[in-house]
Amino acid sequence: MSLWENLFGKKTSGEPAPGPETKLEKDIDKNLEMFKETLVDCDDVIYREASVGKKGDFKVALIYVDGMANRDLLNRDVLKNLMISSRIAEPDERTIKNKVHELIFEQNITTTEIKELETLEQCITNILSGETILLLDKSDKPLVIASRGFVTRGVSEPSTEAVVRGPRDGFVETARMNTALIRRRIRDPKLKIKVRQIGRRSKTDVNIMYIEDLVNRRALELVEERLNTIDIDAILDSGFVEQLIEDDWKSPFPQMQNTERPDTAAAALYDGRIVIVVDNTPFILVVPTTFNALLQATEDYYERWTIASAVRILRYVAVFIALLAPSLYVALTSYHPQMIPTQLALVIGATREGVPFPAIVEALIMELTIEILREAGVRLPGPIGATIGIVGGLVIGQAAVEAGLVAPLMVITVAVTAISSFSIPSYNLAIGFRLVRFLFIFAAGFLGLYGVVLIFLLVLVHLCSLKSFGIPYMSPFVNYVDNVGDLKDTFVLFPLPGLKRRSSIAFRKNKVRLDDKRPEQFYREEDK
């Protein structure tokens, strides 16, 4: 087997197949023993046994994890009802003699959600998820009571997708709260949520959300198929899911959009896309995605179309600067100085006088310095990180110029490149460009402009060959003949009344999103 296959090839896990599930007994003491044997040395698991009934001859037991279950709810709606209220309520003891399980299930517990379980494994998973198990004597069907009450972070403004105009709420680390934030914006019974647990040990809740009559059916099938193939011990973030189900893991470009904004997720659902909400992370995945979608910001649709279009064109220009500026500097100064205007060439030559390194080394020194500063700024606490980034950049840049290590124009080029990369709305896409930029610098250092053009063509071919869940990554640019309407929402954003149809990603039989019933001119109506 080759090294590549050893590193990335498919292998059988060697893990034993999961055994048969364990049925519970009707004896509550035996059931408690099974739970304690399974959860041995788990001191945070609470066992609350009690005797209920008029004579106290009926045993029940609550099992929950301290800190994850809501104690107030258990005391008020479960224990108080079972131990006190049930003694003074009808029917009497003779009537309920053989129907204790049904009465508790249907009448005594006043929580909003309660259901029966069948096996020990189901009970353990629910306990570790924050629910509470109620064991009943002479019953082999334990009840699970919805009691999750762990501490969660409050809804706040997303830190990675700030906007000037738009809602300020952002996703949090609780999946159910995140789905509620989306459903608040889509009051449509066609919005569907499918929940599954992924991770052999973590049992992480993964929610698939889509609008039934708008979703791209083929993409939905692919999402479900690929999620079914995940067999990993733990899912700690949506990044795990992203890497395990994306189309081409070797590509530096993201094939899924991640967002912290509920309005972005809702807009994607209205456009026929699929949203994947993973518990314990505020980053929600949106599929399928395209290169064009990654360069759009939700704020674009809240501003006037002229402003949004100008900003979008500026973003595309910034992409080219972020990708090509250092490599063009290296290529022009090293191989093609005749292409530079004479006055500018003289200035560059004067500033580079005394610099002992070729342009490619200059570029690599400054690019690596900027990347290290950026990485250090992310790891440091917020206010300190920003200060260190600015001061470090200024001091190191000035010191490098005065020491004669780099030319001033190189510092300006790298600074403009870094600023341009921050204008890309998708952080994942910006990281991809940062990586590819080094390829351009090396190509420019060895082949000049020919190398830059060669790498550019290779990157373009790669982007055109990518797909995201069956949708071409460069859509609508590569398939504009069939989806010419999609071009209204690319470089230029058409006015909202012109965006009457959904993108080509949505289900083909339900394309109309806007039925424009306005009169031709409002002032004519007012004049009548």
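Just so you know, these numbers come straight off a predicted model, no measurement behind them.
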(request) Please identify each residue that fulfils side-chain contact (heavy atoms from CB on, under 4.5 Å) with S465, with sequence neighbours left out. (result) H462

(request) For D486, enumerate each residue passing the side chain to side chain donor-acceptor pair (under 3.5 Å) test, keeping only those at least two apart in sequence or located in another chain. (result) S504

(request) Look only at the side chain of E299 and the backbone of R165, and say whether a donor-acceptor pair between them is shorter than 3.5 Å. (result) yes

(request) Check side chain to side chain donor-acceptor pair (under 3.5 Å) between Q243 and all other residues, then give those that pass, not counting sequence neighbours. (result) none

(request) Take D29 and K59, measure what salt bridge (Lys or Arg N to Asp or Glu O under 4.0 Å) needs, and give me the verdict at the end. (result) CA-CA 9 Å; D29 293 326; K59 291 181 65 176; 2.9 Å; yes

(message) Please report the interatomic distance CG(L24) to OG(S139), rounded to the nearest 0.5 Å.
(response) 9.0 Å

(request) List in chain and number order the residues that pass side chain to side chain donor-acceptor pair (under 3.5 Å) with T298, two or more places apart in sequence or in another chain; answer none if no residue qualifies. (result) T264

(message) Hydrogens and angles aside, do Y302 and D263 bring a side-chain donor and acceptor to less than 3.5 Å of each other?
(response) yes

(message) Tell me which pairs pass salt bridge (charged side-chain N to carboxylate O under 4.0 Å, His left out) where either residue lies in residues 275-293, with sequence neighbours left out.
(response) none

(request) Working to the nearest 0.5 Å, report the span between CZ of F171 and CD of E260. (result) 9.0 Å

(message) Tell me every residue that passes side chain to side chain donor-acceptor pair (under 3.5 Å) with T289, counting only those two or more places apart in sequence or in another chain.
(response) none

(message) Any side-chain to backbone donor/acceptor pair from T204 onto I235? Under 3.5 Å, distance only.
(response) yes

(request) Scan side-chain atoms only and decide if Q197 and T125 contain a donor-acceptor pair under the 3.5 Å cut-off. (result) no

(message) Please check: side-chain N/O of D188 versus main-chain N/O of L191, any donor-acceptor pairing under 3.5 Å?
(response) no

(request) Taking atom NZ of K36 as the centre, report whether more than 12 heavy atoms of other residues, nucleotides or ligands fall under 6.0 Å from it. (result) yes

(message) Regarding T229 and R226, do their side chains bring together a donor and an acceptor under 3.5 Å, going by distance alone?
(response) no

(request) Could I get the full list of salt bridge (charged side-chain N to carboxylate O under 4.0 Å, His left out) partners for R153, not counting sequence neighbours? (result) E173

(request) Look only at the side chain of R261 and the backbone of D169, and say whether a donor-acceptor pair between them is shorter than 3.5 Å. (result) no

(message) Any side-chain to backbone donor/acceptor pair from K488 onto G498? Under 3.5 Å, distance only.
(response) yes

(request) Kindly write out the residues that satisfy salt bridge (charged side-chain N to carboxylate O under 4.0 Å, His left out) with D300, not counting sequence neighbours, or none if the list is empty. (result) R312, R315

(message) Please check if the number of heavy atoms outside K138 that lie under 6.0 Å from its NZ is greater than 12.
(response) no

(request) Identify the two heavy atoms, one from L323 and one from V436, that lie closest to each other, and give their separation to 0.1 Å. (result) CD1-CG1, 4.0 Å

(request) Determine whether more than 12 heavy atoms belonging to other residues, nucleotides or ligands lie under 6.0 Å from atom CZ of R184. (result) no

(request) Please confirm whether the backbone N or O of Y210 pairs with a side-chain atom of E212, one donor and one acceptor, at under 3.5 Å? (result) no

(message) Suppose the criterion is salt bridge (charged side-chain N to carboxylate O under 4.0 Å, His left out): which pairs have a residue in residues 428-437, not counting sequence neighbours?
(response) E367-R437, E371-R434, E371-R437

(request) Indicate the atoms forming the closest heavy-atom contact of R273 with V287, along with that distance. (result) CB-O, 3.3 Å

(message) List the residues meeting side-chain contact (heavy atoms from CB on, under 4.5 Å) with Q122, not counting sequence neighbours, and say none if there are none.
(response) L117, E118, T119

(request) Indicate yes or no for a side-chain donor-acceptor contact from S468 to the backbone of I471 under 3.5 Å, with no hydrogens or angles considered. (result) no

(request) Please test V206 against V277 for side chain to side chain contact (heavy atoms under 4.5 Å, CB included), starting from the C-alpha separation and ending with a verdict. (result) CA-CA 6 Å; V206 177; V277 182; over 6 Å; no

(request) Report the C-alpha distance between I276 and V286 in whole Å, list the side-chain angles of each, state the deciding distance to 0.1 Å, and finish with yes or no for side chain to side chain contact (heavy atoms under 4.5 Å, CB included). (result) CA-CA 6 Å; I276 302 174; V286 177; over 6 Å; no

(request) Starting at CD of E224, measure out to CD1 of I245 and round the result to the nearest 0.5 Å. (result) 11.0 Å

(message) Looking only at side-chain N and O atoms, does D237 offer a donor or acceptor that is under 3.5 Å from a partner on T281?
(response) yes

(request) Over all heavy atoms of both residues, which pair between R183 and I193 is shortest? Give the atoms and the distance, please. (result) NH2-CD1, 3.7 Å

(request) Would you tell me whether Y301 and Q296 have side-chain atoms, one donor and one acceptor, within less than 3.5 Å of each other? (result) yes

(request) Identify, with sequence neighbours excluded, every residue that meets salt bridge (charged side-chain N to carboxylate O under 4.0 Å, His left out) alongside E25. (result) none

(request) Kindly indicate whether the side chain of K203, heavy atoms from C-beta on, has any atom under 4.5 Å from the side chain of L128. (result) no

(request) Please name all residues satisfying salt bridge (charged side-chain N to carboxylate O under 4.0 Å, His left out) with R218, sequence neighbours left out, ordered by chain then number. (result) E221

(request) Examine the side chains of N292 and Y473 and answer whether a donor and an acceptor come within less than 3.5 Å of each other. (result) no

(request) For the residue pair N207 and R196, confirm or rule out a side-chain donor-acceptor distance under 3.5 Å. (result) no

(message) With a 4.0 Å cut-off on N to O distance, would you call R71 and D66 a salt bridge?
(response) yes

(request) Carefully, step by step, assess F240 and V278 under the rule side chain to side chain contact (heavy atoms under 4.5 Å, CB included). (result) CA-CA 10 Å; F240 283 54; V278 180; over 6 Å; no

(request) Could you walk me through whether T132 and I63 pass side chain to side chain contact (heavy atoms under 4.5 Å, CB included), step by step? (result) CA-CA 6 Å; T132 299; I63 308 174; 6.0 Å; no

(request) Tell me whether the centres of the aromatic rings in F433 and F438 are closer together than 6.0 Å. (result) no

(message) Treating R185 as the side-chain partner and A266 as the backbone partner, does any N or O pair qualify as donor plus acceptor under 3.5 Å?
(response) no

(message) Does D43 have more than 12 heavy atoms from other residues, nucleotides or ligands lying within 6.0 Å of its CG?
(response) no

(message) Could you check whether any side-chain N or O of E131 sits under 3.5 Å from a backbone N or O of V144, counting only pairs where one atom can act as donor and the other as acceptor?
(response) no

(request) Can you measure from OG1 (T174) to CG (D205) and round to the nearest 0.5 angstrom? (result) 11.0 Å

(message) Working to the nearest 0.5 angstrom, can you tell me the gap between L285 CG and E246 CD?
(response) 10.0 Å

(request) Would you please test F283 and Y427 for ring-ring contact (aromatic ring centres under 6.0 Å, His included) and show each step? (result) CA-CA 12 Å; F283 290 95; Y427 180 70; 9.2 Å; no

(message) Testing N216, T290, D271 one by one against S503 for a side chain to side chain donor-acceptor pair (under 3.5 Å), which residue passes?
(response) D271

(request) Please confirm whether the backbone N or O of V60 pairs with a side-chain atom of E49, one donor and one acceptor, at under 3.5 Å? (result) no

(message) Within this structure, what is the CG-CH2 distance for the pair L496 and W305, rounded to the nearest 0.5 Å?
(response) 12.5 Å

